[in-house]
J.: 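Starting off with a structure, shown below.
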Amino acid sequence: MASENFNVIKPDKGVPIKAWTRGVPLEPEAEQQLRNVAQLPFIYKHVAVMPDVHWGIGATVGSVIPTLGAIIPAAVGVDIGCGMMAVQTDLNARDLPENLKEMRRNIEQAVPHGRTHNGGPRDKGAWNNIPTRQRNVWERLRGVYEGLLERHPKLQGRSVNHVNHLGTLGGGNHFIEVCLDESDTVWFMLHSGSRGVGNRIGTYFIDLAKQDMRRWHINVPDKDLAYFPEGADHFDDYVEAVEWAQDFAMTNRDLMMQAVIKAVSLTKGLRKFKAEVKSVNCHHNYVARENHFGKNILVTRKGAVRARKNDLGIIPGSMGAQSFIVRGLENENSFHSCSHGAGRVMSRKAAKRKFSLDDHVKATENVECRKDLEVIDETPGAYKSILDVMNAQKDLVEIVHTLRQVVCVKG
DNA sequence: ATGTAC
């Protein structure tokens, strides 16, 4: 057998931690969090750590947490179902106009992006303006959500935003890109999640789990590792809600991708093209029922992508760096997983302190993207080297396509 | 990441 490509940390208490972090940094704060997770009594076999690992709330981003008979809502987090979608077109770089400003503007106009678009308290009643496709999607989704509301009336909150948020990008590190692969073939790629409604589901159930820990006098190493044991009051409802939010997120990405394809096709002088020659849509913040080492368990991937044999995944680099379309190698020790990106090396605050606008302009010189002070926290230098990260997970995935951005729309 | 309160 080939030598293993991961380091093993054996905590005093709990299961081992298998870390694909050779040649990449693992912060002490992140390692402590991994030790906290490892000592929970329901972790199955071991915790797997991806090379983009960094500190997160409760559980580290870039970790895979297999559980048997319990679920940790804060491990999934609040951006439930966050993930990536990419489609390969039959366009080539030479089909694109010299100046990509119009294409970028078309995309920006077609997909609401940023914090306060669609669904804020100000645009209640936007129902009438919702395109048929979105409305049809909501008709499919609403049943389960309304069932949840009957049991959890407080889930709704005061604002109605779920349906209005379908087809919207959101903010933070959510983005849309036009990319070229190694043969100069054009791809569209986007990163988004379940928006306001998934956030609400996440925070609501995280809070319930914390209350349950107090109610039953269960001690957890970190309050954000509060969990629902299987069979307890809220376990089934959380599983139903989280799966629903994941469905919302995946559908949201699909709706936006359709809008991007249409928007790009409006670009002046661009020839007719076929999109979705290849299509990938994968979560990297989610929980799924899976079978590992012969047992049916729950696998929580917090900043990790499923990488079974023949699964295609997307590993984006930072702005201005390469991104990868990958194929899984079904490595059982990783619970069939790989990293979800490059991973931050510093907080958003630290990045804004460290980098100037000039640094950012230099780092993104070949990309048609925002170059203002607001996006400094997303500048390439705030992230690990994507090449080091890819190198550390050669036994988890193989690279199918290497992409570089030519247009980037930030949320 | 997000909605809301400040």
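What you see below is based on every heavy atom in this structure, not just the backbone, and it leaves out hydrogens, waters and symmetry mates. Below, chain A is the first sequence line, B the second, and so on; all start at residue 1.
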J.: Grab the CD1-P distance between A:I206 and B:dT2 for me, whole Å please.
T.: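 Taking atom P of B:dT2 as the reference, CD1 of A:I206 is at 15 Å.
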
J.: Could you state the atom-to-atom distance from CG of A:N173 to C1' of B:dT2 in whole Å?
T.: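 Spelled out: CG on A:N173 to C1' on B:dT2 is 13 Å.
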
J.: Looking only at side-chain N and O atoms, does A:R404 offer a donor or acceptor that is under 3.5 Å from a partner on A:S323?
T.: no

J.: Between A:N164 (CG) and B:dT2 (P), how many Å, whole number?
T.: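 A:N164 atom CG is separated from B:dT2 atom P by 15 Å.
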
J.: Just do the ring-ring contact (aromatic ring centres under 6.0 Å, His included) check on A:H113 and A:F175 with the steps written out, would you?
T.: CA-CA 8 Å; A:H113 53 283; A:F175 63 81; over 10 Å; no

J.: Decide, yes or no, whether a salt bridge links A:E290 with A:R301 under the criterion of side-chain N to carboxylate O below 4.0 Å.
T.: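 A salt bridge links A:E290 with A:R301.
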
J.: Which value, rounded to the nearest 0.5 Å, describes the distance between A:N331 atom CG and A:K18 atom NZ?
T.: 9.0 Å

J.: For the residue pair A:Y44 and A:H292, is the inter-centroid distance of their aromatic rings smaller than 6.0 Å?
T.: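 That pair fails the under 6.0 Å test.
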
J.: Nearest-Å distance, CG (A:N199) to P (B:dT4)?
T.: 10 Å

J.: Quick one: is B:dT2 close enough that its OP1 or OP2 comes under 4.0 Å of any side-chain N or O from A:R195?
T.: yes

J.: Just how far, in rounded Å, is P of B:dT2 from NE2 of A:H165?
T.: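 Computing the A:H165:NE2 to B:dT2:P distance gives 8 Å.
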
J.: Of the residues in residues 72-85 of chain A, which ones touch DNA chain B at a heavy-atom distance under 4.0 Å?
T.: A:V78, A:D79

J.: A:K410 has an atom NZ; how far is it from atom P of B:dA1, in whole Å?
T.: 9 Å

J.: For residues 217-230 of chain A, which residue pairs pass the side-chain hydrogen bond (donor to acceptor under 3.5 Å, both in side chains) check, not counting sequence neighbours?
T.: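 Sorted pair list: A:K210-A:D224.
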
J.: Taking only the side-chain nitrogens and oxygens of A:R348, find out if one of them lies under 4.0 Å from OP1 or OP2 of B:dA1.
T.: yes

